[in-house]
Amino acid sequence: MLPTLFSFLYQFGDAFAFLVIASMGLAIIFGMMGVINLAHGEFIMCGAYTTVSLAQLGLPLPLAIAGGAVAAGLIGMLIEVTVIRHLYNRPLDSIVATWGLSMIATQGVLIVLGSTMQGVGTPLGSFTVGGFSYSTYRLVLMGIAVLLLAGLYLLFYHTRAGVIARATIQLPRMARAMGVDTGRVYTLTFGLGAALAGLAGGLYAPTMTLVPTMGATFMVESFVTVVIGGGDIFLGAAPAAAILAVIRSGMTAWQGQLFGQIGLLITVIIVIRVLPGGLSGWILGGRK
Amino acid sequence: MNGQGNSGPGVGQSLIDATPRQQRNTLALWLSRLEGPQTMGRGRGFWITLALAVLAAAIYPLFVDGWTVGNTAYFLVWTFMAMGLGVIWGYAGSLSFGQTAFFGLAGYGYGVLTLNFGAAYGFTILALLLAVGLAVLLAVVLGYFMFYGRVQGVFIGIVTLSVTLVFQAFMAQTAGPEWAIGAARLNGFNGMSGMPPLTIPWPGGDVLLYADIALYYVLLGLMLVVYLGLRMLLNAPFGNVLVAIRENPERAEMLGYDVRRYQLLAFVLGGALAGLSGVLYTAWGQYITPSSMGITAAALPVIWVAFGGRKDVTATLIGTLAMIFLYQWLTIYGSQYAIVVMGVILVLTVLFAPEGIVLSLMRRLSARLTSAGGRP
């Protein structure tokens with residue numbers, strides 16, 4: 001009984017961690033700026049490639065992962081300044097533009113670095129519970145997902161930078177009148193979202209094969225989490241990840257990974273019919 | 001119907017019909033809608049240009065060999081999906097990233113049907129209709145959940161993109177022998193092949209439309225019919241309401257239009273046209289693979305329509321043909337850079353010509369013609 005329960009909790013935690021880590025960057029950029037970043041997967045890819053390159057140069061894995069996040073963040077800020085900035089009053093166009101960037105990045109990496117890259121093995125080994133073997137690293141990832149949520153909460157609700165960011169999002173004109181450089185806030189927010197995507201890539205790099213199209217494997221899950229979550233990260237994306245994790249781990253255990261994905265998709269289609277504003281819209285709407 | 005505000009250029013004037021409706025018969029009414037506020041190009045000059053273009057396309061096979069004509073027919077295959085996306089995105093204002101889902105579903109549908117039932121007695125034509133019907137069904141179900149849930153534009157893009165990506169992932173894992181529908185093996189990542197081409201029953205031997213001159217003419221005719229049909233539909237009240245919704249959904253709603261229903265209808269129309277492209281593609285090359293629903297395949301129609309100009313069906317059509325030609329040319333001379341170039345074109349178009357490059361040029365041309373004293 002207990003091993004079965006542990007197995008289920010482990011599956012759930014694994015799915016939850018994946019959904020949170022994969023979607024956080026997308027959720028921040030969408031929640032704060034209303035822009036769906038279709039190059040999200042490519043920031044993940046960038047983080048993963050940087051992490052693996054640094055690790056192969058001999059850097060310890062945690063530092064390499066941080067390096068991946070920083071690299072993705074810097075590229076994100078560069079893209080914000082060159083492309084996204086000019087499209088703020090045209091959200092649909094900014095999505096299309098990020099799609100163009102995603103195509104350039106995927107194909108560019110394929111041309112420059114070839115179709116696959118030597119990865120690093122999953123660290124930390126494994127442990128057994130009731131005859132089944134589990135990866136310790138994935139347990140660490142679950143912890144990181146929770147820490148990430150807590151850290152972002154502290155950042156946005158308990159620091160001056162967070163207050164300025166939220167002020168800019170709610171009333172950009174007022175924030176500007178109060179002396180906030182809103183342009184810089186947008187750049188930093190986009191950079192933070194990209195860095196979180198890079199972090200996701202770095203964290204999952206040891207567990208998967210590195211190919212230029214790897215970003216696409218994160219796409220559906222992170223989209224679905226953000227759509228069900230709605231605009232707010234803490235009231236939306238986090239509970240959405242928890243609910244979707246139940247569905248995904250259940251479907252995956254029953255029929256395999258693809259059916260986990262199909263289950264998510266059907267859930268999202270039904271949820272948008274019932275709760276168009278996503279979970280956060282529903283929760284916040286109830287409070288109004 | 002009358003007395004609408006004028007939210008956008010053309011919306012107000014379009015609904016005022018000078019002649020009483022009873023005095024015209026239906027055909028004349030619809031023919032009059034070939035020109036109107038929602039489509040560019042009017043007057044003798046435009047129609048003469050169009051006739052010359054069609055004539056040039058019609059005599060083109062006389063000058064090149066059959067293989068080249070078959071290749072050109074391949075360009076025409078895609079125009080239906082592009083025009084459909086133009087209606088959804090440009091006219092109804094809701095961005096669909098997943099037109100390839102309908103494309104793939106109908107393509108696979110055609111394959112499964114014809115591999116099971118063959119091509120005798122003109123069955124391929126019926127298979128075409130059934131497969132497009134399948135795409136329509138998917139569009140109705142998906143569109144119902146999205147539009148009746150009042151989802152915003154951004155989310156429509158994501159949900160439709162997710163649908164096509166999941167379809168691709170699903171079809172890619174159907175390699176095993178257990179994945180078969182009747183006699184048709186789905187074949188996973190390698191895709192289905194060996195289905196018959198479109199076959200027209202004809203006294204004295206069926207006409208098999210292989211990728212050759214006959215198929216080219218059929219596709220050219222079909223494209224012309226769809227293009228003119230869309231022109232009429234978009235200048236009809238239906239099109240006017242779509243544009244009104246695009247310009248200001250709240251106002252359209254207040255005027256008594258069911259915004260959700262019109263958006264759903266536009267979405268279904270676009271889905272049907274994407275499905276038509278899918279069937280024609282499958283019939284053209286006698287194969288279809290899951291990658292036709294992948295992320296790159298899904299991006300291409302968006303690029304064509306963005307480049308051409310989504311708010312005008314003529315611009316969409318010209319832009320699509322130009323982009324497909326460029327893409328073909330690039331894949332021949334620098335295969336791996338083709339997608340990079342497409343991405344660059346998309347980003348530059350969005351940044352510098354958000355209305356679309358062809359449409360901007362057309363507007364400039366028409367302004368010049370007007371200012372030069374010619375008829376608009």
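Fair warning: this is a prediction, and the values are worked out from it, not measured in the lab.
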- List the steps, then state whether side-chain contact (heavy atoms from CB on, under 4.5 Å) holds for A:I104 with B:I339. CA-CA 7 Å; A:I104 298 170; B:I339 292 176; over 6 Å; no
- Let me know if A:I111 has heavy atoms under 4.5 Å from chain B in its side chain, its backbone, both or neither. both
- Message: As an exercise, state the distance from CG of A:L92 to OG of B:S94, rounded to the nearest 0.5 Å.
- Response: 9.0 Å
- Quick one: CZ on A:R90 to CG on B:L351, what's the gap to the nearest 0.5 Å? 7.5 Å
- dist B:I158:CD1 -> A:I36:CD1 (nearest 0.5 Å) comes out at 3.0 Å
- Task: Could you check which of A:V83, A:L101, A:I262, A:T98 has the highest count of heavy-atom pairs closer than 4.5 Å to chain B?
- Result: A:V83
- Message: Taking side chain as everything from C-beta outward and backbone as N, CA, C, O, which of these in B:Q173 sits under 4.5 Å from a heavy atom of chain A? Side chain, backbone, both or neither.
- Response: side chain
- A:Q107 side chain to B:Y337 main-chain N or O, any donor-acceptor pair under 3.5 Å? no
- Message: Rounded at 0.5 Å granularity, tell me how far CD1 in A:I266 sits from CZ in B:F145.
- Response: 10.0 Å
- Message: Quick check on B:I345 against chain A: is it the side chain, the backbone, both or neither that has a heavy atom closer than 4.5 Å?
- Response: neither
- Query: Is any residue of residues 97-104 of chain B within less than 4.5 Å of chain A by heavy atoms, and which ones?
  - Reply: B:F97
- Query: Any idea which of B:V141, B:V159, B:V163 has the most non-hydrogen atom pairs under 4.5 angstrom with chain A?
  - Reply: B:V163
- chain A contact residues among residues 295-306 of chain B, heavy-atom distance under 4.5 Å: B:I295, B:T296, B:A298, B:A299, B:V302, B:I303
- Check whether the ring centres of B:F155 and A:F223 lie less than 6.0 Å apart, and answer yes or no. no
- Note on the structure: Okay, A:L265 and chain B: the region with an atom under 4.5 Å from a heavy atom over there is side chain
- Task: Against chain A, label B:Y144 side chain, backbone, both or neither, depending on which of its atoms sit under 4.5 Å from a heavy atom there.
- Result: both
- Structural part of B:L142 lying under 4.5 Å from a heavy atom of chain A: side chain
- Message: Could you report the tightest heavy-atom contact between A:D93 and B:V350, atom names first, then the distance?
- Response: O-CG1, 3.5 Å
- Message: Report which part of A:L110 has an atom under 4.5 Å of a heavy atom belonging to chain B: side chain, backbone, both, or neither.
- Response: neither
- Message: side-chain contact (heavy atoms from CB on, under 4.5 Å), that's the test. Do B:L95 and A:V96 meet it? Break it down for me.
- Response: CA-CA 10 Å; B:L95 183 46; A:V96 174; 3.8 Å; yes
- Note on the structure: Between the CD1 atom in A:I269 and the CE atom in B:M146, the distance rounded to the nearest 0.5 Å is 8.0 Å
